[in-house]
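Notes follow the structure.
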Number of protein chains: 2
Amino acid sequence: MTVPPTTRSRLDSAEAARLLASRGIVPTRQRVQVAAVLLARDQHLSAAALLERVNREGEPVSKATVYNTLALFLRKGLVREVVVDRARVFYDSNTADHHHLYDTDRCTLTDIDADQISVSGLPALPEGTVVDNVDVIIRVRRRRS
Amino acid sequence: MTVPPTTRSRLDSAEAARLLASRGIVPTRQRVQVAAVLLARDQHLSAAALLERVNREGEPVSKATVYNTLALFLRKGLVREVVVDRARVFYDSNTADHHHLYDTDRCTLTDIDADQISVSGLPALPEGTVVDNVDVIIRVRRRRS
DNA sequence: CTGTGTGCAAAGCTTTTGCACTACT
DNA sequence: AGTAGTGCAAAAGCTTTGCACACAG
C-alpha cells in the first residue's frame with residue numbers, strides 16, 4: 001500500500017494510523033501526527049521543519065520523539081534520508097527509486113526519476129557484498145555572473 | 001601542481017608549506033600539520049580521525065582549528081567532502097573527478113574512477129543554473145545470510 | 001597605529017541516551 | 001507482578017562563532 005497521489009498538506013489521523021499499522025508500527029498519537037504531516041505527499045523536510053509543522057498544527061511532540069520517529073520510519077522504509085551536505089539532511093517521503101537535484105543557492109531539492117538517469121559501469125564489488133542502493137546527487141548553482 | 005603519488009603517511013613540512021602557498025593559503029604551523037597528514041596520499045579521513053592523528057604526531061592543534069582548516073582547504077579545492085550519511089563525513093584528499101563506494105558494514109569508503117562509471121540522461125536544469133558537480137555513492141552491504 | 005588574518009575557548013547547534021511511565025499478559 | 005514498548009528531559013557530540021592575539025603596512 002502506498003500513499004495515493006494528493007495535494008493535501010496533511011493526512012487525516014485515521015488514514016495515517018492505518019498506514020503505520022500496515023508497516024507494523026504502533027500508531028501512537030505522536031507518530032500519527034508526524035506521519036500526517038510528512039507522508040501527506042512527496043516532499044523533502046528537515047527534522048527541524050517537520051518538528052515546527054507538527055507542533056504548529058497539533059498537540060506538542062518533543063524534538064527527541066521526532067528524531068526517534070524519523071529513525072523508526074527510516075528503518076521501516078516509510079521515508080528515505082537524503083544528506084545533501086554536512087549541514088543539510090532531508091527526509092524524503094518519496095520512497096520510489098529516484099535521485100536528486102540540489103540547488104546550492106536556493107537550498108532546494110528536486111526529485112529525478114530513476115529511469116531518467118542511467119548509471120552504467122558499476123565496478124566489481126568487494127567479495128560477498130551486494131548493492132544496497134545507488135545515490136546520485138546533481139548539485140547545481142547559479143551561473144557565474 | 002598536484003601531490004605526487006606516494007605511500008608516505010606524512011608530507012614533510014617544507015613540502016606541505018609549498019603546497020599551501022601555491023594555493024594562496026598562508027602556511028601556518030597548524031595548517032602545515034593538517035596538510036602533512038591529510039594530503040600525504042589519497043585517503044578518506046573524518047575530522048575526528050584527522051584531529052587525532054595530527055595531535056598524536058606533532059604540536060597540539062585545537063578541534064576548532066581543524067574544522068576551520070578543513071573548510072578552508074575545501075574552499076581552495078585541496079580536499080573534497082564526502083557525506084556518506086548523517087553521522088559520517090569524510091574529507092577526501094583525492095580531488096580528481098571520481099565517485100565512491102561505501103561498505104555499510106565495514107564503514108569504509110573506496111574511490112571509483114569517474115571514467116569507470118557513466119551517468120547519462122541528466123534532466124533539464126532549472127533556468128540559469130549550471131552543474132556544479134555530480135556525486136554518485138554506491139552503498140554495498142554483506143550479502144544477507 | 002590601523003587593518004587583515006589566525007587560532008581556539010566557549011557557545012550553539014543537532015542527535016542520542018537513559019529512564020520514568022504506560023499498556024498489555 | 002512482569003515484560004515490552006514509548007516519549008522526552010537531559011546528556012553527549014559535532015560544528016560554528018566571537019574575540020584576543022599576531023603580524024604587515
Side-chain angles (χ1 to χ4, degrees), chain A residues 13 16-17 19-38 44-55 58-76 78-92 107, chain B residues 13 16-17 19-38 44-55 58-76 78-92 107:
Chain A
S13 300
L19 181 55
L20 296 182
S22 77
R23 300 294 186 111
I25 297 172
V26 178
T28 63
R29 167 177 73 76
Q30 288 86 342
R31 291 171 183 173
V32 168
Q33 283 182 234
V34 171
V37 171
L38 181 59
H44 306 104
L45 288 176
S46 64
L50 179 60
L51 174 69
E52 205 267 328
R53 283 187 46 187
V54 166
N55 281 323
E59 297 289 298
V61 177
S62 77
K63 199 186 272 206
T65 297
V66 168
Y67 275 100
N68 291 338
T69 300
L70 283 170
L72 176 65
F73 287 6
L74 200 56
R75 231 174 21 252
K76 297 292 187 171
L78 281 170
V79 297
R80 278 178 54 177
E81 189 176 61
V82 185
V83 185
V84 167
D85 67 39
R86 206 162 3 103
R88 245 168 272 278
V89 180
F90 292 97
Y91 292 87
D92 186 347
C107 299
Chain B
S13 301
L19 180 56
L20 297 182
S22 77
R23 299 294 186 111
I25 297 171
V26 179
T28 62
R29 166 178 73 76
Q30 288 86 342
R31 291 172 181 172
V32 168
Q33 282 182 234
V34 171
V37 170
L38 182 57
H44 306 105
L45 288 175
S46 65
L50 178 60
L51 175 68
E52 205 267 328
R53 282 188 45 187
V54 166
N55 281 325
E59 297 290 297
V61 177
S62 77
K63 199 187 272 207
T65 297
V66 169
Y67 275 100
N68 292 337
T69 300
L70 284 169
L72 177 65
F73 286 6
L74 200 55
R75 234 178 14 257
K76 297 291 187 171
L78 281 170
V79 297
R80 279 178 55 176
E81 190 176 61
V82 185
V83 185
V84 168
D85 68 38
R86 204 165 3 104
R88 246 168 270 278
V89 180
F90 291 97
Y91 292 87
D92 185 347
C107 300

With A/V32 via side-chain contact (heavy atoms from CB on, under 4.5 Å) - residues at least two apart: A/S13, A/A16, A/A17, A/L20, A/P27
Whole angstrom value for the distance that separates P of C/dC8 from CG of B/L70: 14 Å
Rounded distance (Å) that lies between atom P of C/dT15 and atom CZ of A/F73: 17 Å
Donor-acceptor list for residues 66-75 of chain A side chains, cut-off 3.5 Å, not counting sequence neighbours:
unit_1: A/N68; atom_1: ND2; unit_2: A/A64; atom_2: O; d: 3.3
unit_1: A/T69; atom_1: OG1; unit_2: A/T65; atom_2: O; d: 2.6

For nucleotides 5-7 of chain C, which of its nitrogen or oxygen atoms have a protein nitrogen or oxygen under 3.5 Å away, and what is each distance?
unit_1: C/dT6; atom_1: OP1; unit_2: B/R31; atom_2: NH1; d: 2.8
unit_1: C/dT6; atom_1: OP2; unit_2: B/R31; atom_2: NH2; d: 3.4
unit_1: C/dT6; atom_1: O5'; unit_2: B/R31; atom_2: NH2; d: 3.4
unit_1: C/dG7; atom_1: OP1; unit_2: B/T28; atom_2: OG1; d: 2.5
unit_1: C/dG7; atom_1: OP1; unit_2: B/Q30; atom_2: OE1; d: 2.7
unit_1: C/dG7; atom_1: O3'; unit_2: B/Q30; atom_2: NE2; d: 3.1

A/V79 vs A/L38 side-chain heavy atoms within contact, under 4.5 Å: yes
Nucleotide-resolved protein contact map, nucleotides 19-25 of chain C, B/S/- at heavy-atom distance under 4.0 Å: -------
Per A/Y67 side chain, nearest of listed nucleotides D/dT15, C/dT15, D/dA9: C/dT15
Per-nucleotide protein contact string for nucleotides 19-25 of chain D (B base, S sugar-phosphate only, - none; heavy atom under 4.0 Å): -------
Nearest-Å distance for atom pair NZ/C1', residues A/K63 and C/dT16: 13 Å
A/Q33 (side chain) donor-acceptor with A/E59 (main chain) under 3.5 angstrom: yes
Angle of first-five versus last-five pair axes in the helix from C/dC1-D/dG25 to C/dT25-D/dA1, to 10 degrees: 10°
Can I get a per-line list of side-chain donor-acceptor pairs under 3.5 Å for residues 46-53 of chain B, giving both atom names and the distance, sequence neighbours left out?
unit_1: B/S46; atom_1: OG; unit_2: B/A49; atom_2: N; d: 3.1
unit_1: B/E52; atom_1: OE1; unit_2: B/R56; atom_2: NH2; d: 3.0
unit_1: B/E52; atom_1: OE2; unit_2: B/R56; atom_2: NE; d: 3.3
unit_1: B/R53; atom_1: NH2; unit_2: B/S9; atom_2: O; d: 3.4

Intermediate values then yes/no, side chain to side chain contact (heavy atoms under 4.5 Å, CB included), B/H44 and B/Y91: CA-CA 5 Å; B/H44 306 105; B/Y91 292 87; over 6 Å; no
A/R88: side-chain contact (heavy atoms from CB on, under 4.5 Å) partners, not counting sequence neighbours: A/V84, A/D85, A/F90, A/Y102, A/C107
Set of salt bridge (Lys or Arg N to Asp or Glu O under 4.0 Å) partners for B/R31, sequence neighbours left out: none
Check: A/R80 side chain, A/D92 main-chain N or O, donor-acceptor pair, under 3.5 Å: no
Side chain A/N55, main chain A/V61, donor-acceptor under 3.5 Å: yes
Of residues 78-92 of chain A, the positions that come close to DNA chain C - non-hydrogen atoms, cut-off under 4.0 Å: none
Integer-rounded Å distance: C/dC8 P and B/L51 CG: 11 Å
